[in-house]
Amino acid sequence: MSASTRLSGKTALVTGAARGVGRATALKLASEGAFVFVNDIDAKELELTAREIGGVALAGDLTEADVPDRLVASAVDQRGALDIVVNNAGVASTTKATDIAEDEWQRVLDTDLSGAFRVARGAARALADAKQGGVIVNVASILGFRVAKQVAAYVAAKAGLIKLTEALALEFAPLGIRVNALAPGYVETDLNRDFLRSPAGDAMAKRVPMRRFGTPADLDGAMLLLVSDAGRYMTGSTIVVDGGHTLAWL
């Protein structure tokens with residue numbers, strides 16, 4: 001880990017942190033001096049992340065209505081404060097809109113949108129009770145601005161998350177709570193690596209102006225801007241990090 005202490009003394013909660021972008025975010029925040037609580041439904045992988053960063057694993061399914069409040073309460077009880085929340089937990093469905101089952105549609109919205117709302121609401125309540133400001137970052141997607149085939153539920157959830165970010169920013173600003181969003185393009189992780197390195201993935205990469213997909217580390221700069229004092233006058237913003245993909249959408 002680096003010797004940077006930009007987040008020294010801060011306490012963070014990162015959801016969806018067992019792997020991929022969430023795990024990378026947790027590692028980065030910890031390397032910058034934050035104490036990090038991590039959440040995911042995969043308790044085994046989550047524990048590995050927690051051990052690596054010296055943090056605490058809080059396993060739980062955000063689609064269960066009481067879980068988000070329990071996560072926030074646990075973090076506050078153990079550390080006395082919660083300064084940073086990163087809503088990264090998300091799932092996707094690659095099913096035609098005419099074929100998607102009701103429970104599959106609901107699972108995506110409950111995780112990607114409602115789960116993020118519940119975590120943000122719980123954090124805002126705790127921060128208001130403590131008369132303390134804080135930062136909430138929602139991890140959205142460029143598909144919140146654009147669309148693609150067979151991901152209707154995901155597109156709807158991420159577009160909703162971007163507007164939710166703006167709505168919460170407006171309401172929470174008087175409480176000293178900043179709410180922003182990060183909208184990544186295609187980022188290579190364990191879950192999508194095989195596809196992104198396939199011939200179909202290679203063809204897609206050629207449509208990205210920078211001619212490559214992102215890595216979790218490519219999000220570090222924007223994330224640190226949003227969670228640190230460097231972005232202290234930012235709220236209601238969505239930062240796109242996509243190698244220019246949105247500009248050349250085909």
Side-chain angles (χ1 to χ4, degrees), residues 13-22 25 38-42 58-72 84-97 99-126 134-172 177-187 189 191-192 219 222-223 226-227 235-242 246:
L13 168 64
V14 181
T15 68
R19 56 178 62 82
V21 170
T25 297
V38 288
N39 159 261
D40 204 283
I41 59 174
D42 187 337
L58 301 173
D61 185 346
L62 299 182
T63 66
E64 298 177 12
D66 64 324
V67 168
D69 283 341
R70 286 198 289 106
L71 295 179
V72 171
I84 299 165
V85 171
V86 179
N87 275 313
N88 171 74
V91 296
S93 168
T94 53
T95 307
K96 291 181 179 179
D99 296 338
I100 191 168
E102 179 65 25
D103 60 348
E104 187 177 0
W105 169 270
Q106 201 61 52
R107 179 178 68 94
V108 176
L109 267 68
D110 280 349
T111 304
D112 297 19
L113 181 57
S114 297
F117 168 70
R118 294 184 185 115
V119 173
R121 179 180 61 186
R125 287 170 172 170
V135 181
I136 298 170
V137 178
N138 297 320
V139 179
S141 167
I142 59 172
L143 289 179
F145 297 108
R146 298 283 189 165
V147 297
K149 294 178 181 178
Q150 299 185 18
V151 287
Y154 185 79
V155 166
K158 293 302 185 179
L161 187 58
I162 290 169
K163 296 308 292 185
L164 176 65
T165 296
E166 296 173 2
L168 296 184
L170 186 62
E171 287 197 35
F172 295 171
I177 302 169
R178 298 190 294 109
V179 188
N180 293 291
L182 189 62
Y186 287 88
V187 174
T189 66
L191 295 179
N192 62 20
L219 305 180
M223 181 64 73
L226 295 179
V227 302
T235 196
S237 299
T238 298
I239 298 179
V240 174
V241 184
D242 69 348
T246 307

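Count residues from 1 along the sequence.
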Minimal non-hydrogen separation, Ser141 against Tyr154, with atom names: CB-OH, 3.7 Å

Report yes if some heavy atom in the side chain of Val86 is under 4.5 Å from a heavy atom in the side chain of Ile84; otherwise report no. yes

Taking every non-hydrogen atom, the tightest pair across Trp105 and Ala156: CH2-CB, 4.1 Å

Considering residues at least two apart in sequence or located in another chain, which fulfil the salt bridge (charged side-chain N to carboxylate O under 4.0 Å, His left out) criterion with Asp103? none

Is there a side-chain contact between Arg19 and Asp42 in this structure, where contact means two heavy atoms from C-beta onward sitting under 4.5 Å apart? yes

I'd like to check Asn88 versus Thr25 (side-chain heavy atoms, cut-off strictly below 4.5 Å). Are they in contact? no

Set of residues satisfying side chain to side chain contact (heavy atoms under 4.5 Å, CB included) with respect to Val135, sequence neighbours excluded: Val137, Arg178

Could you check whether any side-chain N or O of Asn39 sits under 3.5 Å from a backbone N or O of Ala59, counting only pairs where one atom can act as donor and the other as acceptor? no

Can you tell if the side chain of Leu168 reaches within under 4.5 Å of the side chain of Ile136, non-hydrogen atoms only? no

Can you find a heavy atom in the side chain of Val241 that is under 4.5 Å from one in the side chain of Met223? no

List in chain and number order the residues that pass side chain to side chain contact (heavy atoms under 4.5 Å, CB included) with Ala169, two or more places apart in sequence or in another chain; answer none if no residue qualifies. Val179, Thr235

side-chain hydrogen bond (donor to acceptor under 3.5 Å, both in side chains) partners of Thr238, counting only residues at least two apart: none

Contacts of Asp61 meeting salt bridge (charged side-chain N to carboxylate O under 4.0 Å, His left out) (sequence neighbours excluded), chain-then-number -> none

In short, Ala140 meets Leu161 closest at the heavy-atom pair CA-CD2, 4.0 Å

How close do Ala152 and Ala97 get, counting heavy atoms only, and between which atoms? CB-CB, 4.4 Å

Just to verify, what does Asp69 make a side-chain hydrogen bond (donor to acceptor under 3.5 Å, both in side chains) with, not counting sequence neighbours? none

Test: side-chain hydrogen bond (donor to acceptor under 3.5 Å, both in side chains). Region: residues 107-124. Which pairs qualify, not counting sequence neighbours? Gln106-Asp110

Measuring from atom CD1 of Ile162 to atom CG of Asn180, what distance do you get when rounded to the nearest 0.5 angstrom? 12.0 Å

Might you confirm whether atom CD1 of Ile239 has over 12 heavy atoms from other residues, nucleotides or ligands at distances under 6.0 Å? yes

For Lys149, side chain to side chain contact (heavy atoms under 4.5 Å, CB included) partners two or more places apart: none

Any Leu62 side-chain heavy atom under 4.5 Å of Leu71 side chain: yes

Across all chains, not counting sequence neighbours, the side-chain hydrogen bond (donor to acceptor under 3.5 Å, both in side chains) partners of Ser237 are none

For Ala148 and Val151 the tightest heavy-atom approach is O-CG2, 3.4 Å

Which residues satisfy the side-chain hydrogen bond (donor to acceptor under 3.5 Å, both in side chains) test with Asn138, sequence neighbours excluded? Asn87, Thr165

Only pairs at least two apart or in different chains count here, so list each salt bridge (charged side-chain N to carboxylate O under 4.0 Å, His left out) that has a residue in residues 150-163. Lys163-Glu166

Just jot down the side chain to side chain contact (heavy atoms under 4.5 Å, CB included) partners of Asp242, sequence neighbours excluded, or say none. Ile142, Val240, His245, Thr246

Please find the pair of heavy atoms, one from Ser93 and one from Ile100, that lie closest to each other, and give the distance. OG-CD1, 3.8 Å

